[in-house]
Every structure is written in structure tokens, then in C-alpha cells.
Number of protein chains: 2
Amino acid sequence: MKKKITIYDIAEKLELTAATVSRALNNNPKISEKTRKLVQETAIEMNYEQNTLARALKSGKSFNVGVIVPRMDSNFFASVIRGIEEELYPKGYHVIVCQTHDQENLETGNIVSLLNAQVDGILMSISNSKTKNKVFNKLSEKRVPLIFFDRKRDIPDVSSVTIDDFNGSYQATKHLIEQGCKRIAHLSNDRSLEIFKNRYLGYKQAIIDSGLEFDENLVVETISKVDEGRRVAKQLLNMETPPDAIFSSSDFTALGAIQEIKEQGLAIPEDISVVGFSNEPFTRFMELSITSVDQSPIEMGRRAAKVFLQEVNSKSKTKQPQRIILQPELIIRKSSSKRIK
Amino acid sequence: MKKKITIYDIAEKLELTAATVSRALNNNPKISEKTRKLVQETAIEMNYEQNTLARALKSGKSFNVGVIVPRMDSNFFASVIRGIEEELYPKGYHVIVCQTHDQENLETGNIVSLLNAQVDGILMSISNSKTKNKVFNKLSEKRVPLIFFDRKRDIPDVSSVTIDDFNGSYQATKHLIEQGCKRIAHLSNDRSLEIFKNRYLGYKQAIIDSGLEFDENLVVETISKVDEGRRVAKQLLNMETPPDAIFSSSDFTALGAIQEIKEQGLAIPEDISVVGFSNEPFTRFMELSITSVDQSPIEMGRRAAKVFLQEVNSKSKTKQPQRIILQPELIIRKSSSKRIK
DNA sequence: TTGTAGGCGTTATCAT
DNA sequence: ATGATAACGCCTACAA
């Protein structure tokens, strides 16, 4: 193993002290322009590379941030992460991504692991499970900034970046009503999570505002998987008066529903219209493209990262948590529009 | 900020030395069972948490490994990463994921960053770009294990875990021939990457072995995007004698091709059969399910992680690089089978 | 079995 | 402007 070059090596060569070298390298003001240049040039010449571990040990900052998502193979989360990277890389941070697969033990485990890895902050989208608030308290005890994105929980002093799920849902439902749909079903999801609760409420409100009858039987709870979408669609279609539209809180269940509807020989959107949520790429690529709600994930990631940077750089004891809410956009496609063919 | 508990604190309380505490905590044999227990209990009691940075600084191991992929929002790469995690988490490692987006500057940049973060190893799938071997040499200089998975480059002493792309391609093409196809086009990709070269070669060999005429005009190079698939499919369909089958080296271009074929009013698989590569979930979920080649990504990830563990734990100077080749599996679906409906 | 002491590479606080 | 020195928290010869 090649000997690692340290600031001592370059100090020795230049007949200086490690302290001086350190200052020169860090652009400390208390140093002459001449030595600064000399040191920096020699550093490059000698192939010096800073030992980040040592710096982290000394400064207490690792320049790593943890990102925790339920899964990273969905375009939505992958894009959020991309946004975070774009904002944080230029500032010298690294991004460690962990997946929870919606399992509580993995979620708490990941937090502990990241804490153990001395991350300077954690950006996360909480999973369906009921992770104890205790873990989060640990973070605040340690003064490690925690920022929620998309799936948040209401914790005092914790910032979050979300979209206006209520409004996205409201728009989507309104759109279906404008298309002439009267009995609109809603594929919901674990409503202990705010996003799904709000999507449900937006849907409900749009129906009530339009003077249609709100029927609780048309709301079914499921999880965000294609097969689950199929299963609950089958249930709905078996009703005495089946729905003439389905608004799903997930693109994946919307896809499953579409499969089932087609299999039963019904036409989309003529017999039943379908709208999803998240604007996953496949909604655009399907032969029958799917109307969906775009959540501007990259922007969401960037904003969350910015909040982190603010918090980590602020000295003040009393933090003013931020609650940023982005506006979603309804993307109308074939699955719900009798006009677009 | 709550004062961090260190081994000194617990040593003080127990009227011992930090050295003893360290030994007790690390299950060093040279210690009495009694003090070991005592120390460990007090550690828990005092809420002691090891400072991994300090340990890393001292031991030279960070227990972080870097994973570099072109992108993480494809099911294939996400699953490989999952496999890596499954193998490495139990061993106490963390996984830092970086994306290159097939850009050379990001690729080299990521390697440098990870190196900077003192990772104990790097598992990567190289991008399309022509990353200089120089960067890789740097890794071997530093004795940081490098393991390629899926997309590799032939570098002496570097281990790799790949699938038998030639065979996967050969099987897929054979299957199309058995279905009665005579003019089989191939959507290729950057053949400076081994995987795409081998997929091309497997395709070619299957055609030759079956006594069909190999026509170079039926091979078009593209990149793995849906829209690109559409574009080149259009080209192919415009030929004087268009193909009666398309074997794509990517599921995404296969999807684009299918869209174009349908748009032109042709029937799949009756007029044209289509086969993709990677077994992305959407190939199963499409209304017209797509035949594809499964690459067992989770297994690939696990194997790559195992190779890393071996290399990082081996003391020997002379490393014997491993070249593991997994066997792919052809999954036959509607897009290529006149029997499955 | 336990303690002592030195070092991992850096930065920060003195003093010069 | 620069040097000397201590400290960050941990590990590990070596000595006792």
C-alpha cells in the first residue's frame, strides 16, 4: 500500500508546520498569499488528498446526509433523490440512500445506522408503518436536522416539503366530473399517512362541491401495488351499481385497475375513466396513456435539500420549522378524456 | 447539544482505563468475563454509542461501500442494489449509492467522491461513456476493491459478476425463430460495452446456426429509451422488406417499438413479434405483455457483495480476480408467442 | 488481566 | 504570518 500523503509530509518538504499547511489548504485568512500558493501547488504536486474522516472527527461534520425512502425503484422517489443530489453535491455533501420497503424495523434501523455513520442530517419520506416518534426524538436530541418530504408526520420543529395533495386530488376529481362521470370510486391507501388522508379529503370535497352524492362504499383502501389494484377493481366492478370512474391515489393501483377493467371487456374511458397519482413514466407510455397528477419530484428534492442546508448552517437555538407546500399539476391523458384519442 | 458519551466517560465511572473499556466492547479475548459484562452493561446504561468516524480513522476502515449505477430508477439496478444491501447490511456495512446518468464526468466524479469518503470498496456498473482507465488504476493503487456487475470492462485483477448475455440473446433469438420468424431485427446499443456486444453476438450466432440469412441492415444501434425505440422501429418498418420480429437489447426500446408497430396498425405477435431484455416489471404488466430475458438482479447483487467481502477480508497480496457469470432466463409472454393469448 | 502511551490526520488555540 | 501543542475518540503495542 502506497504511503498516504498527509499535511505533515508536505509541511516537512516545505519546512513548515502542519498547522500552516492546514491553513493554506483551507484558505484561512491568516496566511500570506505566497505560502498559500506554494502550499497549494506542492499539495497538488505531491498528490495530497485530504482525509475526510480526520476532518470529520475533528469538526464533528461528516458531510454526509442520509436519505430514507420507502423504495427507490419508483420514478417519483428516484427523481426526488436526483433533486437532492443536484442541490447538495455542489456543496460538498454526499448522499447515502436507504430503503425501508415500508417495514418499520428497516426504518428505525436505517435511522440508527445513518446516525451511526454520523450523517449531518436526514431527509426522509416516512413509510406506512408506525415508526415510533421516539426515534425521531433521538435525532432532535442530537441536533441532527430532520426534513420530511412527501410523506411527513406532524412533529413540532420538524420541517417538511410536500405537495398539496388535497388540491391535486380535488382537481383530478373535478376533471372526472367535468367528463360527465357521476359515480367516482377512490382507491385510497393507509390514511394514517397525511398524503393519503389529504388525497381522500380532496376527492370527497370535490364530489360534495359538485352536488354529487358522496358514497363511502366507493372508497376502498389498498396498497400501492399493481396486483392490489386489480383485486379491488374487481370488487368495485362487482357492485350492484358499479362506478363509472376510478380515481386512484397511486399510479400502480390505477394500472392494475385498468388491467382488470379491460379484462372484463369494458372500455376506457367510455365505460369507466381512470386517473392515477404521481405521473410515473409508464402512465405516459402505456398504449392507453393514463391521466395522472404530477408532483414535481425534482423540485421537491431541491427544496428539501435547501431547507437542510439552512438548518445545518444556522446557529440559532430556536429553529423555525418550515412547511413548504408545492402545487401539483394534473396531466390529462387518454384514460380519462373522451376528447383526447 | 447533549454531551456525547465516550469510552472515557464509562472508564471514569467504572474506575478503569479507556483501553480496557475498548477491549471489553470489542470482545477482545484479553479481558475477564466479569469486567467485560460490567462494561457492556454500563455502556448500554449510559447510552454509549461508538463514534464510527474515530474507529474508521484509526482502523482505516469506514465500513461504507459505494455503489455506482447509471441510474437507480430502473427495476434492474434497484434490484441489484437490494441484493447488495441484503448481503452487506448484516455485516455492518453501509451502502452509498451514486448515479452517473451515463455521463462521464459524473462517473469519475463519483469515484473520486467515494474515495474521498473513504469507502472500503466500490461496486459498479460502468456507464456508456468512455471513462478513463486512469481512475480505476487509482482504485487499485489504493487497494480499494473494485467489483463490476452487469456492465464491466476488462481490467486485469478486477472481479466481475455478469450474466451470460450471449446465451440470453441466443435463447431469445432461437425462440423467435421457433415461432416461425424469418427476418429478425436487433435493436442494439453501444457495443463498446461488453453486454451489448455479447447480446449482438448471441443474436447473430442464433441466426447463423439456424441457417437463416444474417442481414446487417436489420441491426440498428440505439440507446435505452422508449422514444428511441419508436424512432428506430419506424425506420425498420419503412424498409423494403420489413422484419417480422424485433429482438431488443433493452425493454425500454422494445416498448417504444411496440408502440410504433401498433400505431402503424400491425398486429403483435401475428405480424411482428417482439422480445426485450431485462424483465422490467412493466413487461409483465402491459396489456400486451412483453417477452423478455430475466437477469436475476438480486442474485447478481448478492454475488457481487460476496466477492467484495472476500476481497476486503483477504490478506494475500496476489488477488485472484473472480469472473462470475450468471445464467439468464427467457420469460415468454404474449408479445412473441402465438400460443399464449 | 489491566494500564500506559502513542498515534490515526486534522483543526483550533495559544503563543511567538 | 507562523509555530507549538492539544484535542477529536478510538485502538493497540508494550509494559506491568
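A, B, ... follow the sequence lines: proteins, then strands. Residue 1 opens every chain. In what follows, every heavy atom counts, from backbone to side chain, and hydrogens, waters and symmetry copies are set aside.
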Angle of first-five versus last-five pair axes in the helix from C/dT1-D/dA16 to C/dT16-D/dA1, to 10 degrees:
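That helix gives 40° between its end axes.
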In whole angstrom, give the distance that lies between atom [atom1] of [X] and atom [atom2] of [N].
X	N	atom1	atom2	result
A/M46	C/dG9	CE	P	13 Å
B/D9	D/dC8	CG	P	10 Å
A/I10	C/dG9	CD1	P	15 Å
A/I5	C/dG9	CD1	P	11 Å
B/F63	D/dC10	CZ	C1'	14 Å
A/L25	C/dG9	CG	P	15 Å
A/Y8	D/dA6	OH	P	11 Å
A/E12	C/dG9	CD	P	14 Å

State which residues pass salt bridge (Lys or Arg N to Asp or Glu O under 4.0 Å) with [X]; sequence neighbours excluded, sorted by chain then number.
X	result
B/K58	none
A/E33	A/R36
B/R23	none
A/R71	A/D73

Is the shortest side-chain N to carboxylate O distance from B/E49 to A/K138 below 4.0 Å?
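Looking at A/K138 together with B/E49, the answer is yes, because their closest N to O distance falls below 4.0 Å.
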Any salt bridge between B/D154 and B/R323, counting N to O under 4.0 Å?
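Result for this pair is yes, salt bridge flagged.
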At less than 4.0 Å, is any side-chain N or O atom of [X] found next to OP1 or OP2 of [N]? Yes or no.
X	N	result
A/T20	D/dG3	yes
A/S22	C/dT10	no
B/T6	D/dG9	no

Contacting residues from residues 26-33 of chain B, given that a heavy atom lies under 4.0 angstrom of DNA chain C
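Hits under 4.0 Å, by residue number: B/K30, B/I31, B/S32.
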With nearest nucleotide decided by heavy atoms, which residue, B/E15 or A/R23, maps closer to the 5′ end of DNA chain C?
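Looking at the nearest nucleotide for each, B/E15 comes out on the 5' side.
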Contact list for residues 77-106 of chain A, test ring-ring contact (aromatic ring centres under 6.0 Å, His included), sequence neighbours left out:
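Applying ring-ring contact (aromatic ring centres under 6.0 Å, His included) to every pair that reaches into residues 77-106 of chain A, excluding sequence neighbours, yields A/F63-A/Y93, A/Y93-A/F308.
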Contact list for residues 17-47 of chain B, test ring-ring contact (aromatic ring centres under 6.0 Å, His included), sequence neighbours left out:
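Applying ring-ring contact (aromatic ring centres under 6.0 Å, His included) to every pair that reaches into residues 17-47 of chain B, excluding sequence neighbours, yields nothing.
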Name the closest nucleotide to the A/I7 side chain, picking from C/dT4, C/dT10, D/dA4.
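In terms of side-chain proximity for A/I7, the closest of C/dT4, C/dT10, D/dA4 is C/dT10.
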With sequence neighbours left out, write down each residue that passes side-chain hydrogen bond (donor to acceptor under 3.5 Å, both in side chains) with B/N26, or none if nothing qualifies.
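With sequence neighbours excluded, B/N26 shows a side-chain hydrogen bond (donor to acceptor under 3.5 Å, both in side chains) to B/S22, given in chain and number order.
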Heavy atoms within less than 4.0 Å of DNA chain D: which residues of residues 47-58 of chain A have one? Give them sorted by number.
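Correct list: A/L57, A/K58.
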Got a list of side-chain donor-acceptor pairs under 3.5 Å for residues 144-152 of chain A, not counting sequence neighbours?
from: A/K152; atom 1: NZ; to: A/E194; atom 2: OE1; distance (Å): 2.8
from: A/K152; atom 1: NZ; to: A/E194; atom 2: OE2; distance (Å): 3.3

Which atom pairs, donor and acceptor, lie under 3.5 Å between side-chain atoms of residues 40-48 of chain A and protein residues at least two apart or in another chain?
from: A/Q40; atom 1: NE2; to: A/A24; atom 2: O; distance (Å): 3.2
from: A/Q40; atom 1: NE2; to: A/N27; atom 2: OD1; distance (Å): 3.4
from: A/T42; atom 1: OG1; to: A/L38; atom 2: O; distance (Å): 2.4

Would you please test B/S192 and B/D190 for side-chain hydrogen bond (donor to acceptor under 3.5 Å, both in side chains) and show each step?
CA-CA 6 Å; B/S192 65; B/D190 182 357; 2.7 Å; yes
Classify B/S59 by what it touches in the nucleic acid, base, sugar-phosphate, or nothing, heavy-atom distance under 4.0 Å.
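The answer is nothing, as B/S59 stays clear of every strand by at least 4.0 Å.
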